[in-house]
Amino acid sequence: MKASQFVLCPLSLLALAVLVPARSAGAPAAPAAKSGAGGDVEPQSLLRLGANMSGRGDYSTAAIAFWQVLKRPDAPLEDKKTALLGLAHLHRREGSLTKAAAIYEKYIKDYPDDERIPDALLELGRTLRDMGVYRMSIGCFYSVINSTLKFPSQDFEHYQLLAKTAQFEIAQTHFEAGEFAEAGKYFSRVRLLELAPADRARAHFMSAFAEQLSGDLDTAVVTLRSFLEEWPADKNVPEARYLLATILRQLNRPQEALAVTFELLRTEHANSAADPQRWSYWQRRTGNQVANDFFQDGDTFDALAIYQGLFELSDNPAWRLPVTYQIALCEERLSQLDKARAAYAAIVAAAGPGAGAPVTPEIADLAQMAAWRLAHLDWRDQTDRKFSVLFPPVEKPSATPAPPLPQPTS
């Protein structure tokens, strides 16, 4: 495959400029490797140093190491290739995407028959996607698939993995470009490939997410349910339940949404112990959104049940007090006024002088709102009593008993 067959972005004119690192006036030049027997720093050692420093985030030191390899006339060509790819990788990691793209392009142009061309194309495609150049990024990923056909069979597994990864990246690029219908189709195809379980699960979830964003809600429900059934321990399960609950609400299927929400709040998964923050976030977000929707739609009983479930997620006052306020609003609407008063009073007390912990501005504002609700309930009671005095209830006259039926004569 010739260099002209690969998709390159129009950054090549910048390649020469970005490949020569700028140096301000008076700044010392990068130290060159010593020459002479016994005084040389081996290129392999410099490559290891560059990789280690790049991994630690010390990009300036890593760049010096890679440049020393590139500038050495006696360095093997394979080491110079590795240094060039290492330089592109560190620029991508530090966010210098234009430099990274230009270096990957130079590598692809200068070494079209190198066995690492598919890897370089894959990284170039990812870099272009991060730059927002989606069409050219997709072209690079297709070039990865095509380029893997020309390399040795002994590396078949590696190139096969690259080809599958490129297919996943094509779907991801459509998704990030906002082309959700296309993304859903590609993710649905990717999940049928022989991938690692985590990658197949990710593709399954992303296909449902893309279907939801494209407006194909009924299909998204089916895909999410199959995802939850097939991958119950995947890290995306809590977010999938959130999506499923919100979609069901959009489809006016409130009882199904309620069931999904309760399952997320009550079920303890092994993943929740491994990643409690992720599970807690989606439990709270799902519960809050669905409960608020029920409350606004007048379905107060179901809203109250969800808020009571949310209350149990944490004993932190910063979490429980706002949930308590929502519970009190539900109880007030359901005319459970004694319970509502007790809840409001607990919030006010939590922000009072006897509060054990420092009171945050948010809790102080919540206490003021609760105090206002208490005053409103007192006003309602007083108004009801005044009305009962002015307009006492009228007793209905008792019904006159019907006369007995005449007894039949013998």
Side-chain angles (χ1 to χ4, degrees), residues 238 241-242 245-246 248-249 254-268 272 276-277 279-393:
R241 293 199 185 281
Y242 164 78
T246 54
L248 289 169
R249 284 290 298 161
Q255 291 310 307
E256 292 179 69
L258 183 65
V260 172
T261 303
F262 279 142
E263 188 169 1
L264 178 58
L265 294 179
R266 294 173 178 172
T267 306
E268 294 184 3
S272 63
Q277 290 185 342
W279 274 84
S280 177
Y281 170 80
W282 288 110
Q283 285 175 324
R284 296 180 186 198
R285 181 172 177 179
T286 304
N288 265 320
Q289 183 162 331
V290 176
N292 292 344
D293 287 345
F294 276 124
F295 186 84
Q296 291 173 5
D297 291 345
D299 193 346
T300 311
F301 282 106
D302 288 335
L304 177 59
I306 297 175
Y307 286 129
Q308 289 170 337
L310 288 170
F311 182 85
E312 300 298 331
L313 292 180
S314 173
D315 57 3
N316 188 332
W319 169 252
R320 282 198 163 185
L321 291 177
V323 176
T324 300
Y325 185 82
Q326 295 299 126
I327 290 173
L329 289 177
C330 292
E331 292 169 339
E332 184 178 343
R333 182 184 283 183
L334 295 171
S335 297
Q336 300 174 3
L337 301 185
D338 290 339
K339 291 182 177 180
R341 279 195 182 88
Y344 290 136
I347 297 171
V348 173
V359 179
T360 64
E362 292 79 11
I363 297 302
D365 290 343
L366 189 67
Q368 288 184 349
M369 294 168 61
W372 185 89
R373 298 304 306 176
L374 280 172
H376 175 73
L377 289 177
D378 290 340
W379 173 83
R380 279 182 55 182
D381 280 350
Q382 293 172 7
T383 303
D384 288 344
R385 284 196 293 269
K386 290 178 180 178
F387 268 98
S388 64
V389 171
L390 294 173
F391 304 100

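Taking the side chain to side chain donor-acceptor pair (under 3.5 Å) definition, one finds that Arg333 meets it with Thr300, sequence neighbours left out. Residues that satisfy the salt bridge (charged side-chain N to carboxylate O under 4.0 Å, His left out) test with Asp299, not counting sequence neighbours, are absent from this structure. Residues meeting the ring pair (Phe, Tyr, Trp, His ring centres under 6.0 Å) test with Trp319, sequence neighbours left out: none. By the side chain to side chain donor-acceptor pair (under 3.5 Å) test, Ser314 is found to be paired with no residue, residues two or more places apart in sequence or in another chain being considered. Qualifying salt bridge (charged side-chain N to carboxylate O under 4.0 Å, His left out) partners for Glu331, counting only residues two or more places apart in sequence or in other chains: none. Asp365 is linked by a salt bridge (charged side-chain N to carboxylate O under 4.0 Å, His left out) to nothing, counting only residues two or more places apart in sequence or in another chain. Under the side chain to side chain donor-acceptor pair (under 3.5 Å) criterion, Gln255 pairs with Asp302, sequence neighbours left out. In this structure Arg320 satisfies the side chain to side chain donor-acceptor pair (under 3.5 Å) test with no other residue, sequence neighbours excluded. Listed by chain and number, the residues in a salt bridge (charged side-chain N to carboxylate O under 4.0 Å, His left out) with Glu362 amount to none (sequence neighbours excluded). Thr383 pairs by the side-chain contact (heavy atoms from CB on, under 4.5 Å) definition with Trp379, Phe387, not counting sequence neighbours.
Inter-residue side-chain proximity for Leu264 and Pro238 is flagged as met; some heavy-atom pair is nearer than 4.5 Å. Looking at heavy atoms from C-beta onward, Gln326 lies in side-chain contact with Asn292 at the 4.5 angstrom threshold. Considering only heavy atoms from C-beta on, Val260 stays 4.5 Å or farther from Tyr242 through its side chain. Contact annotation: the side chain of Arg341 approaches that of Asp378 to within less than 4.5 Å [non-hydrogen atoms, C-beta and beyond].
Residues in residues 320-348 take part in these ring pair (Phe, Tyr, Trp, His ring centres under 6.0 Å) pairs, two or more places apart or across chains: Tyr325-Tyr344. Within the structure, ring pair (Phe, Tyr, Trp, His ring centres under 6.0 Å) pairs that include any residue of residues 290-312 do not occur (at least two apart or interchain).
Around the CG atom of Asp338, the shell of radius 6.0 Å holds no more than 12 heavy atoms that belong to other residues, nucleotides or ligands.
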*With side-chain contact (heavy atoms from CB on, under 4.5 Å) as the test, would you mind laying out the steps for Thr286 and Arg241 before giving the verdict?*
CA-CA 8 Å; Thr286 304; Arg241 293 199 185 281; 5.8 Å; no
*Could you check Asp297 against Arg249 for side-chain contact (heavy atoms from CB on, under 4.5 Å), going step by step and ending with a plain yes or no?*
CA-CA 11 Å; Asp297 291 345; Arg249 284 290 298 161; 2.4 Å; yes
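Expressed to the nearest 0.5 Å, how far CZ of Arg373 lies from CZ of Arg380 amounts to 8.5 Å. The CG atom of Leu304 sits 6.5 Å away from the CG atom of Leu334 when rounded to the nearest 0.5 Å. Here Leu329 contributes atom CG and Thr324 contributes atom OG1; the two are 11.0 Å apart, rounded to the nearest 0.5 Å.
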